[in-house]
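It should be emphasised that the depicted structure is a prediction, and the values quoted were computed from it without experimental measurement.
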Amino acid sequence: MHAPPTAPRTRRRTRALGFAALAVAMLMSVPTAQTAFGEEVQAVPGGGDLGPNVHVFDPSTPDIQGKVDEIFKKQESDQFGTDRYALMFKPGTYDNINAQIGFYTQIAGLGLNPNDTTFNGDVTVDAGWFDGNATQNFWRSAENLTLNPVSGTNRWAVSQAAPFRRMHVKGGLNLAPDGYGWASGGYIADSKIDGQVGPYSQQQWYTRDSSVGGWGNGVWNMTFSGVEGAPANSFPEPPYTTLDTTPISREKPFLYLDGDDYKVFVPEKRENARGVSWANGTPAGESIPLDQFYVVKEGADAATINAAVEQGLHLLFTPGVYHIDETINIDRADTVALGLGLATIIPDNGVTAIKVGDVSGVKLAGLLVDAGPVNSETLIEVGPENASADHSANPTSLQDVFVRIGGAGPGKATTSIVVNSDDTIIDHTWVWRADHGEGWGWETNRADYGVRVNGDDVLATGLFVEHFNKYDVEWYGERGRTIFFQNEKAYDAPNQEAIQNGDTKGYAAYRVDDSVEQHEGWGMGSYCYYNVDPTIIQEHGFKAPVKPGVKFHSLIVVSLGGNGQYEHVINDVGSPTSGPDTIPSQVVNFP
């Protein structure tokens with residue numbers, strides 16, 4: 001592991017590609033069947049079928065409900081299994097549907113607009129499998145559909161890694177399980193809910209660039225940016241943090257049908273966005289035919305994936321688990337790497353799973369990276385160390401990109417995600433060191449750092465990072481911004497000594513380096529539940545330099561049931577949590 005920088009970096013941004021680099025980029029965009037030595041090799045083919053785990057329906061498909069129920073029965077409680085599914089619905093109207101969605105299942109419409117595919121029915125997530133507790137309803141998604149809920153309200157009781165994107169609900173949306181058991185936070189983007197959203201027992205939630213008919217309540221931290229109909233900013237009572245617009249956003253790429261042809265639509269970047277991207281019909285962006293993608297299927301190796309990128313293809317990972325023995329390298333600007341059905345990449349021998357070059361416009365989306373049993377120094381790297389190119393016009397983005405260390409078996413990684421490239425957008429990620437399942441324990445799934453940002457002008461919208469042995473988030477780049485942060489410190493710390501950070505009691509959940517001059521965050525929470533040793537003291541949830549350009553809005557720390565305590569919220573500011581109850585301590589603004 002290289003030591004993190006401890007002093008301000010001087011960054012010289014490259015404003016344009018040189019002629020040599022431009023020539024290389026142009027050559028790489030043209031598919032080739034030659035090696036670097038001029039030898040003829042077989043090119044990786046583009047296009048093809050979507051594999052056995054993508055189920056495509058049209059309104060005339062017999063027994064749709066039966067097939068959906070069959071998959072749900074397999075996936076309802078299969079939290080750490082290896083099956084992956086995508087349920088894709090062609091444009092049209094589907095009557096009497098209740099699609100219950102379990103683990104590792106994506107449901108999506110295949111229209112260019114959510115209104116192209118309509119359910120007279122529901123897309124449901126509940127928590128019957130876990131006795132009404134929704135805090136482990138992870139790793140699933142709903143996208144690009146219109147719902148007319150049977151009861152007037154659709155239920156989507158989820159926690160982390162369960163995006164609700166490009167959805168139109170012609171009614172209300174209930175974010176709690178039946179019986180109003182616990183639920184621990186989620187994400188909505190580019191969606192229109194005509195009726196009221198009812199969080200009920202949801203502890204925290206982030207909604208971006210959407211429209212809602214109303215918002216019912218809040219528990220700890222409800223954050224909105226660019227949401228029409230959002231409640232007014234009022235943190236901490238009620239706990240609403242509201243930004244009128246999202247400074248920079250670009251919606252996630254998605255698969256759709258153009259007639260009989262599959263294409264991937266890549267939405268354009270938006271600035272100061274408010275409301276959905278599809279309100280006026282066809283969204284702005286680019287369509288890429290499927291034959292320009294290498295359709296990755298189970299059994300594919302990293303060498304073939306890299307060869308496909310080198311010859312100019314994009315990547316579409318079909319639902320499955322992919323073991324790799326070398327890094328997937330994406331060094332071509334504007335490459336799309338899109339996963340369906342929570343496609344999962346596992347580095348088997350301690351390599352980094354994915355590295356992105358210091359190039360513009362790469363889109364990583366819909367992927368789960370699962371650490372292998374041999375320690376990886378990093379799992380995802382965006383840009384090489386000391387990256388300096390300007391990507392402000394066309395940033396690289398990570399959307400619904402999740403990381404898991406342990407849970408499905410032993411896994412280790414020193415740092416999960418490192419962002420070196422400037423201007424990167426991190427839009428909804430859950431980076432999780434497991435606290436349950438298999439292969440977890442203070443040293444068994446050792447993972448010191450969650451996310452480290454070295455690049456300048458990086459924006460995170462929906463940053464969920466939990467349970468790391470040391471810092472969950474470290475930020476070294478200038479002008480970084482985070483809108484909504486959700487964190488839990490590691491439950492399984494054995495004692496105070498194990499988390500001691502020099503003279504400081506514990507490692508902050510979110511640390512901005514002392515070298516940073518400008519940084520800003522909104523709607524950020526850290527929670528502790530030191531159930532192995534409830535006497536542990538965490539000095540603070542957040543640490544940042546006291547400078548005019550470093551600002552935080554709506555911070556919160558919570559001790560869950562009094563298992564461990566925070567002395568302060570940020571630095572030495574904020575009153576301590578205390579007692580056996582779940583008592584939040586809040587700082588509205590810092591400094």
Item checked: Single hit among K505, H540, Q538 for side-chain hydrogen bond (donor to acceptor under 3.5 Å, both in side chains) with E567 -> K505
Checklist line | Side-chain donor or acceptor of N487 paired with backbone N/O of C528 under 3.5 Å | finding: no
Next item on the list: Assess the pair F464 and H428: is the distance between their ring centroids shorter than 6.0 Å?
Entry: yes
Notebook entry, point to check: Are the side chain of Q586 and the backbone N or O of I556 linked by a donor-acceptor pair below 3.5 Å?
Noted result: no
Check: Do W432 and W139 have their ring centres less than 6.0 Å from each other?
Finding: yes
Next item on the list: Name the orientation class of the two ring planes belonging to W220 and Y527 (parallel below 30°, tilted from 30 to 60°, perpendicular beyond 60°).
Entry: tilted
Next item on the list: Decide yes or no on side-chain contact (heavy atoms from CB on, under 4.5 Å) for R433 and D492, but give the supporting numbers first.
Entry: CA-CA 11 Å; R433 176 182 165 267; D492 56 338; 2.8 Å; yes
Checklist line | Under the ring pair (Phe, Tyr, Trp, His ring centres under 6.0 Å) test, residues paired with Y529 that sit two or more places apart | finding: Y491
Notebook entry, point to check: Is the Y449 to F468 ring centre distance short of 6.0 Å?
Noted result: no
Next item on the list: Determine, using ring centers only, whether W430 and F138 are less than 6.0 Å apart.
Entry: yes
Item checked: Chi angles and distances behind the side-chain contact (heavy atoms from CB on, under 4.5 Å) call for D348, D325 -> CA-CA 6 Å; D348 286 329; D325 59 2; 5.6 Å; no
Checklist line | R481 to W522, cation-pi by 6.0 Å centre distance and 45° axis angle | finding: no
Notebook entry, point to check: In chain order, what residues pass the salt bridge (Lys or Arg N to Asp or Glu O under 4.0 Å) check against K543, with sequence neighbours excluded?
Noted result: D514
Next item on the list: Taking H568 for its side chain and G574 for its backbone only, find out whether a donor-acceptor pair lies under 3.5 Å.
Entry: yes
Next item on the list: May I ask you to establish whether R140 and F103 are in a cation-pi arrangement, using a distance under 6.0 Å from NZ or CZ to the six-membered ring centre and at most 45° from the ring axis?
Entry: yes
